[in-house]
Amino acid sequence: KRARLKKQYGLSEGQIEEMRSAQQGKCAICTRATARLFIDHCHTKGHVRGLLCQTCNTFLGWYERKAETILRFQRYIEKHCR
């Protein structure tokens, strides 16, 4: 695990624990406390952005691929729910 973290993200276990502590064990997006946080990284530039719960991590991956579709959802809701 240590070697994979270092190779894939350039982080040690200690650095990840520092991130977890700085975020108070909460997801960086929804702020829900959870025992299991996932390392979020930019797929374009490769840098680590923060730690996320499984739901936010999964949704963010989808969002990054489908941002324009989500904007169409928003416009649709605004058009039909005023």
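- The shortest heavy-atom contact between C53 and C27 is N-SG, 3.3 Å.
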**Request:** Mind running side-chain contact (heavy atoms from CB on, under 4.5 Å) on R20 and L37 for me, showing each step along the way?
**Result:** CA-CA 8 Å; R20 178 183 299 281; L37 290 169; 3.4 Å; yes
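- Pairs engaging residues 29-54 under the salt bridge (charged side-chain N to carboxylate O under 4.0 Å, His left out) rule: D40-R49, R49-E64 [sequence neighbours left out].
- One hydrophobic cluster, built from ILVMFWY side chains closer than 4.5 Å, cannot hold both F38 and V48; they sit in different ones.
- Atoms CG and NE2, from L60 and H43 in turn, are 7.5 Å apart once rounded to the nearest 0.5 Å.
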**Request:** Please report the C-alpha distance between F59 and I29 in whole Å, then the side-chain angles of each, then the deciding distance to 0.1 Å, and finally whether the side-chain contact (heavy atoms from CB on, under 4.5 Å) criterion is met.
**Result:** CA-CA 11 Å; F59 183 77; I29 294 176; over 6 Å; no
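- Rounded to the nearest 0.5 angstrom, Q74 CD and T69 OG1 are separated by 13.5 Å.
- Here F73 contributes atom CZ and E78 contributes atom CD; the two are 14.0 Å apart, rounded to the nearest 0.5 Å.
- At a threshold of 4.5 Å between side-chain heavy atoms, the hydrophobic network of Ile, Leu, Val, Met, Phe, Trp and Tyr places I39 and L52 in two separate groups.
- Between the side chain of Q23 and the backbone N or O of L51 there is at least one donor-acceptor pair closer than 3.5 Å.
- Judged by distance alone, the side chain of T58 and the main-chain N or O of Q54 form a donor-acceptor pair under 3.5 Å.
- Residues K6 and L11 fail the side-chain proximity criterion, which asks for heavy atoms closer than 4.5 Å.
- The NE2 atom of H41 sits 9.0 Å away from the CG atom of N57 when rounded to the nearest 0.5 Å.
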**Request:** Take E17 and E13 through the test side-chain contact (heavy atoms from CB on, under 4.5 Å) and record every step on the way to the result.
**Result:** CA-CA 6 Å; E17 283 308 310; E13 286 185 53; 5.7 Å; no
